[in-house]
Amino acid sequence: MPISCPNFAVQILHLRSSSFTTTAREINCTPRDFRISPPIFRTILRPNSVNYSSRCNCSQTIFSAEAAHDYDDQLKFESERYSDELEVAVKAVHMASLLCQRVQESLIAKSDDHVQSKDDDSPVTIADWSVQATVSWVLSDAFGSANVSIVAEEDVQELSKTDSIGILNSVVKTVNQCLAEAPRFGLKSPPNPLSTSDVLEAISRCNSIGGPTGRFWVLDPVDGTLGFVRGDQYAIALALIEDGEPVLGVLGCPNYPMKTELLSYHQRVLSTLPSANWDKGCVIYARKGSGGAWMQPLLRKEEKKFVWPNSASEIKVSTIDNPALATFCEPVEKANSSHSFTAGLAHSESTVTCVFNGEVRSNSKRRC
C-alpha cells in the first residue's frame with residue numbers, strides 16, 4: 001500500500017538502516033526523494049517487516065523486500081489461479097454452443113421429433129443430452145474423471161427407454177460430431193468414436209450432489225429449453241464451485257447478436273438473416289481474481305482454429321441508474337415471472353423498454 005501520510009514518509013529516515021526495508025514502489029517516491037542513491041538503497045534492503053506508528057498517530061506498515069516479493073507471488077498466484085480450468089471450460093462451452101446451433105437449425109428446419117418430455121412435463125432435446133455428454137467428456141479428459149465432479153440436470157432414465165432408441169442414436173451421433181472438432185479448440189478428440197455406452201456413461205457421470213465443501217462443476221446443458229425449441233434465446237451455463245463459492249463461470253449464448261443495434265429485433269427476424277451478417281452467438285466468461293468479465297464471438301466455419309488467449313472484449317455492468325432509460329427482461333414462462341407486475345412497472349416509466357416473451361415492447365420512442 002502506498003504511504004499516504006507525509007509525516008510518516010519523512011520519519012522513515014529515522015529508522016535504523018537494518019530496519020529500513022521498504023521498496024520504492026511501495027511509497028509514492030523514488031530513492032532519490034529520500035536522498036539515498038540507488039546502490040545504497042539496494043544494499044540496505046532486509047527481509048524484515050516494520051510496523052511503525054508516526055507522530056501524527058496514524059499507523060502504517062512498511063513491507064520488507066521479502067514480504068513484497070511474497071505479496072507479488074500471491075498476486076500472481078491469484079491472477080493465474082483457475083486459468084487452466086477456465087480455458088478448458090470456455091473451449092467446452094464454445095464447442096457445446098456450436099453443437100446447439102446445429103441441432104436447433106435442424107429442429108426448426110425439419111420439425112422432427114427430437115424433443116422428449118420428462119416426468120415433470122418439461123421438454124428435453126437431443127441438445128440437452130448431447131451437451132451434457134460432451135462437456136462431461138471434455139472435462140474428464142482434461143483433468144481426469146477421478147478429479148471431476150459434476151452437478152447437471154439430465155439423467156439417462158428417459159434416454160434409456162426402449163422407445164427412445166432413435167433419439168439415443170441421434171445423441172451419440174451428435175456427440176461424436178462435436179468431439180471430432182475438438183482439435184480446432186486445442187483439445188484432444190477421443191481415439192475412437194464414443195459408443196452408446198460411452199455416451200450414457202458420460203451423461204451418468206454428472207451425478208454429483210454438490211454441497212458446501214469440496215470442488216465440483218455445475219452444468220445446465222440448455223438453460224431455456226422452451227426457447228431453444230421455439231428457435232429463440234437460450235444458454236449453456238457452466239460454473240466451477242469451490243467450498244460453496246463460484247470461482248469461474250462460462251455462459252454460451254448461441255443466438256445472442258454481437259451487434260448492439262440488433263438486440264431490439266426478435267430472434268425469428270434475426271434467424272432469417274445469414275449469421276455472417278450479424279455475428280451470431282457468443283461465449284461470456286469470468287474468473288475469480290481476474291477483475292473482469294469477457295465476451296467473445298463464436299468461431300465461424302471459415303475460422304480453422306480457436307486461439308487462446310483470445311481477443312475477447314471486456315464487458316461491464318451498465319452504468320445506467322435511471323430505470324426510465326433501462327432495458328429489462330423477464331422469463332418467457334408466466335409461471336416464472338409476474339408479467340402483470342412488469343407491465344405495470346413499464347407503464348409507470350414512460351420511456352422504459354421492456355422485453356416480454358422474447359419480443360421488445362416500448363412505451364416511448366426511446367430505446368436503450
Side-chain angles (χ1 to χ4, degrees), residues 89 92-93 95-97 99-104 106-108 110-141 143-179 190 192-211 214-230 232 234-241 250-252 254 331-333 335-336:
V93 171
M95 291 171 60
S97 297
L99 179 159
C100 285
Q101 280 187 345
R102 292 191 294 267
V103 173
Q104 189 183 53
S106 174
L107 190 68
I108 295 173
K110 300 178 181 179
S111 299
D112 56 24
D113 59 351
H114 287 175
V115 181
Q116 296 278 96
S117 292
K118 294 188 284 189
D119 293 337
D120 60 359
D121 292 329
S122 60
V124 58
T125 70
I126 63 170
D128 292 86
W129 283 304
S130 299
V131 167
Q132 186 161 314
T134 298
V135 173
S136 173
W137 191 91
V138 169
L139 293 179
S140 297
D141 183 70
F143 304 114
S145 56
N147 302 317
V148 174
S149 177
I150 305 174
V151 178
E153 187 174 358
E154 310 304 339
D155 57 35
V156 297
Q157 184 176 353
E158 292 293 331
L159 199 57
S160 301
K161 292 181 178 179
T162 306
D163 58 354
S164 298
I165 187 64
I167 195 169
L168 175 57
N169 291 336
S170 295
V171 168
V172 174
K173 179 181 179 180
T174 302
V175 170
N176 281 313
Q177 286 177 338
C178 183
L179 292 178
N192 298 300
L194 300 187
S195 65
T196 298
S197 59
D198 291 333
V199 171
L200 290 175
E201 181 184 354
I203 297 172
S204 300
R205 200 179 297 141
C206 306
N207 60 356
S208 172
I209 59 174
R215 166 188 280 211
F216 57 90
W217 296 85
V218 179
L219 170 67
D220 191 338
V222 178
D223 186 5
T225 303
L226 287 174
F228 177 85
V229 172
R230 283 193 304 269
D232 291 338
Y234 62 97
I236 297 98
L238 179 64
L240 177 60
I241 312 296
V250 184
L251 196 66
V332 171
E333 293 304 303
N336 298 329

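Note that these values count all heavy atoms, side chains included, but never hydrogens, waters or copies made by symmetry.
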Item to check | Which residues share a side-chain contact (heavy atoms from CB on, under 4.5 Å) with P193, sequence neighbours left out | outcome: N176

Next on the checklist: I need the C206 SG to F216 CZ distance, nearest 0.5 Å.
Outcome noted: 13.5 Å

Checklist entry - Rounded to the nearest 0.5 Å, what separation is found between the CZ atom of F228 and the SG atom of C100? => result 5.5 Å

Checklist entry - Closest heavy-atom contact between I236 and P221? => result CG1-O, 3.2 Å

Checklist outcome for this item: Only residue of I241, V135, L238 satisfying side chain to side chain contact (heavy atoms under 4.5 Å, CB included) with W217 is L238

Next on the checklist: side-chain contact (heavy atoms from CB on, under 4.5 Å) for M95 and L179? Distances and angles first, verdict last.
Outcome noted: CA-CA 8 Å; M95 291 171 60; L179 292 178; 4.2 Å; yes

Item to check | Residues in side chain to side chain donor-acceptor pair (under 3.5 Å) contact with S204, at least two apart in sequence or another chain | outcome: none

Next on the checklist: Please report the interatomic distance CD1(I203) to CD(E154), rounded to the nearest 0.5 Å.
Outcome noted: 8.5 Å

Next on the checklist: When you compare the side chain of V199 with that of W129, does any pair of heavy atoms fall below 4.5 Å?
Outcome noted: no

Checklist entry - OG of S208 to CG of L219: how many Å apart, nearest 0.5 Å? => result 12.0 Å

Next on the checklist: What's the separation between atom CG in L159 and atom CD1 in I165, rounded to the nearest 0.5 Å?
Outcome noted: 8.5 Å

Next on the checklist: So, using side chain to side chain donor-acceptor pair (under 3.5 Å) as the criterion, who are the partners of S197 when residues are at least two apart?
Outcome noted: S195

Item to check | Full working for side-chain contact (heavy atoms from CB on, under 4.5 Å) between S130 and V175 | outcome: CA-CA 5 Å; S130 299; V175 170; 3.9 Å; yes

Next on the checklist: Tell me if a side-chain donor or acceptor on E153 pairs with a main-chain N or O of D220 at a distance below 3.5 Å.
Outcome noted: no

Checklist outcome for this item: To the nearest 0.5 Å, atom CD1 of I126 lies from atom CD of Q104 at 11.5 Å

Checklist entry - Between S145 and R205, do the side chains contain an N or O donor and an N or O acceptor separated by less than 3.5 Å? => result no

Next on the checklist: Taking T125's backbone N and O only, do any of them form a donor-acceptor pair with D128's side chain (distance below 3.5 Å, no angle check)?
Outcome noted: yes

Checklist entry - Where is the tightest heavy-atom contact between V131 and A96, given as atom of each residue plus distance? => result CG1-CB, 3.8 Å

Item to check | Shortest non-hydrogen contact from A235 toward L251 | outcome: CB-CD1, 3.8 Å

Next on the checklist: Before you tell me yes or no, could you show the steps for W137 and D198 under side-chain contact (heavy atoms from CB on, under 4.5 Å), namely the whole-Å CA-CA distance, both residues' side-chain angles and the distance that decides it to 0.1 Å?
Outcome noted: CA-CA 9 Å; W137 191 91; D198 291 333; over 6 Å; no

Next on the checklist: If you apply the rule side-chain contact (heavy atoms from CB on, under 4.5 Å), what do you find for L168 with L200, and how did you get there?
Outcome noted: CA-CA 9 Å; L168 175 57; L200 290 175; 3.9 Å; yes

Checklist entry - What are the two closest heavy atoms between I150 and S136, and how far apart are they? => result CD1-CA, 3.9 Å

Item to check | Minimum heavy-atom distance R215-S149, with the two atoms named | outcome: O-CB, 4.0 Å

